[in-house]
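When reading the values below, keep in mind they use all heavy atoms of this one structure, side chains included, and skip hydrogens, waters and symmetry mates.
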Amino acid sequence: MLSLTQHRAARLEALQAEDGWLNLTDRVDLNPGPQSAGTAPDNQIQLSTGPAHLGAIDPTTETLTPPNQAPIPFLPTPSGYPQLRHQTLLLELHTADGTPALRVRDLTLPRQATLHYFPTNEALILRARWQALPTPIQQSIDQKGGAPTTVNLTHTAHFTHDDHTITLLATHWKDGKPMFVIRDQTSGIESYPASRFLIGEDASDTEITLDFNRAFTPPCGFTDFAICPLPPRENILPFRVEAGERLTP
């Protein structure tokens with residue numbers, strides 16, 4: 001596991017990357033087949049930046065066909081979403097709940113951010129009980145910027161803090177690790193209102209580390225063009241999590 005300093009450096013590097021969350025200008029749902037895209041009003045997909053007529057985007061073949069040119073393929077990436085760099089834009093085909101969408105990033109925009117943190121809180125580095133559910137459960141959760149979605153629950157984490165016995169639901173997985181979408185008594189005051197994300201670390205068959213100093217603001221805290229899951233009722237904590245990312249110094 002990375003040290004806390006390394007974790008925060010990697011977090012900032014990813015946020016400020018070309019395909020991070022700071023230069024996203026558009027997110028548009030796509031229909032099957034080719035659709036014209038560009039800033040001109042006669043396009044089927046009207047973008048806020050880029051050329052007047054970018055070309056035809058086809059999510060089925062994962063190609064862009066610029067005017068009077070041959071199709072250019074989107075290429076696979078480690079994130080799992082095909083991308084294409086064209087002129088000053090980074091285009092990405094993103095699928096949420098089975099619906100393909102086009103993400104557009106403007107590579108000319110500045111990508112600088114300053115992240116703020118609560119002081120490191122050793123009391124909020126917890127070794128929790130990690131329990132596999134007898135049978136996976138399908139559960140609907142709400143999303144900021146999108147429609148409700150269904151997640152597959154396979155594990156729960158159990159711990160006690162400030163005389164509260166907590167069961168957290170691992171609603172998502174990131175790079176093979178469970179991710180918890182949480183809200184606490186700092187939310188909307190000192191930390192991002194909708195939620196924060198927390199990745200579980202060093203999981204065994206029965207235990208997992210929850211280091212709330214690594215809790216971080218979701219993409220929706222940086223752009224209106226992201227869709228972010230909201231916490232299930234179980235993950236709304238009845239105490240202050242004075243650890244991890246916060247809104248201001």
Side-chain angles (χ1 to χ4, degrees), residues 1-30 37 39 45 47-51 54 57 59 62 64 72 74-97 99-118 143-146 149 171-182 191-199 201 211 213-230 244-249:
M1 184 169 67
L2 296 176
S3 70
L4 184 58
T5 299
Q6 291 171 327
H7 164 80
R8 291 177 175 177
R11 158 81 172 145
L12 184 59
E13 181 180 3
L15 185 62
Q16 295 182 153
E18 285 188 344
D19 60 352
W21 297 106
L22 302 181
N23 59 347
L24 202 59
T25 60
D26 297 272
R27 184 189 184 279
V28 185
D29 287 343
L30 297 174
T39 56
I45 301 169
L47 304 179
S48 64
T49 189
L54 176 67
I57 300 283
E62 297 185 348
L64 164 69
I72 306 171
F74 284 71
L75 300 177
T77 66
S79 70
Y81 299 123
Q83 293 180 351
L84 171 62
R85 187 180 184 130
H86 185 71
Q87 299 183 15
T88 61
L89 303 180
L90 181 63
L91 310 173
E92 181 177 83
L93 295 177
H94 171 258
T95 300
D97 298 325
T99 301
L102 175 68
R103 282 176 174 161
V104 180
R105 292 177 169 91
D106 186 341
L107 298 176
T108 68
L109 294 178
R111 303 191 305 272
Q112 297 299 315
T114 300
L115 299 178
H116 305 289
Y117 296 95
F118 289 96
Q143 298 189 106
K144 180 176 173 57
T149 188
T171 55
H172 297 75
W173 293 74
K174 183 176 177 61
D175 299 328
K177 298 178 180 180
M179 188 178 86
F180 304 89
V181 182
I182 63 171
S191 61
Y192 184 63
S195 69
R196 285 187 285 173
F197 293 171
L198 176 65
I199 308 296
E201 301 280 357
D211 183 353
N213 297 286
R214 299 168 188 252
F216 59 96
T217 303
C220 290
F222 301 94
T223 176
D224 292 333
F225 298 107
I227 296 175
C228 299
L230 296 172
E245 285 183 26
R246 61 184 299 168
L247 293 176
T248 56

Got Leu102 and Leu93 here, is their nearest side-chain heavy-atom distance under 4.5 Å?
yes

Would you say the side-chain atoms of Ser79 and Thr77 include a donor-acceptor pair closer than 3.5 Å?
yes

Is the positively charged end of Arg111 above the ring of Trp21, judged by distance under 6.0 angstrom from the centroid and angle within 45° of the axis?
no

Restricting to non-hydrogen atoms, name the atom on Ala113 and the atom on Leu22 that form the minimum distance, rounded to 0.1 Å.
CB-CD1, 3.8 Å

Min side-chain heavy-atom separation Arg214-Met1 under 4.5 Å:
yes

Separation of Gln83 CD from Asp19 CG (nearest 0.5 Å)
5.0 Å

CG (Asp29) and NE2 (His94) are apart, to the nearest 0.5 Å, by 10.5 Å

Under 3.5 Å, is there a donor-acceptor pair between the Asp26 and Ser48 side chains?
yes

Do His7 and Asp211 have side chains that get closer than 4.5 Å, going by heavy atoms?
no

Distance-only side-chain donor-acceptor flag, Thr25 / Asp106, under 3.5 Å
no

Interatomic distance, Arg11 atom CZ to Tyr117 atom OH [nearest 0.5 angstrom]:
6.5 Å

To the nearest 0.5 angstrom, please state how far the OG1 atom of Thr171 sits from the CZ atom of Phe197.
8.0 Å

Checking Glu245 side chain against Thr217 main chain: does a donor-acceptor pair fall under 3.5 Å?
yes

Measuring from Asn213:CG to Leu198:CG, what's the distance to the nearest 0.5 Å?
10.0 Å

Tell me whether Glu92 is salt-bridged to Arg105, with the criterion being a basic N under 4.0 Å from an acidic carboxylate O.
yes

NZ of Lys174 to CD1 of Ile199: how many Å apart, nearest 0.5 Å?
6.5 Å

Does a side-chain heavy-atom distance below 4.5 Å link Val104 with Leu91?
yes

Strictly distance-based, threshold 3.5 Å: is any side-chain N or O of Ser195 a donor or acceptor partner for the main-chain N or O of Leu230?
no

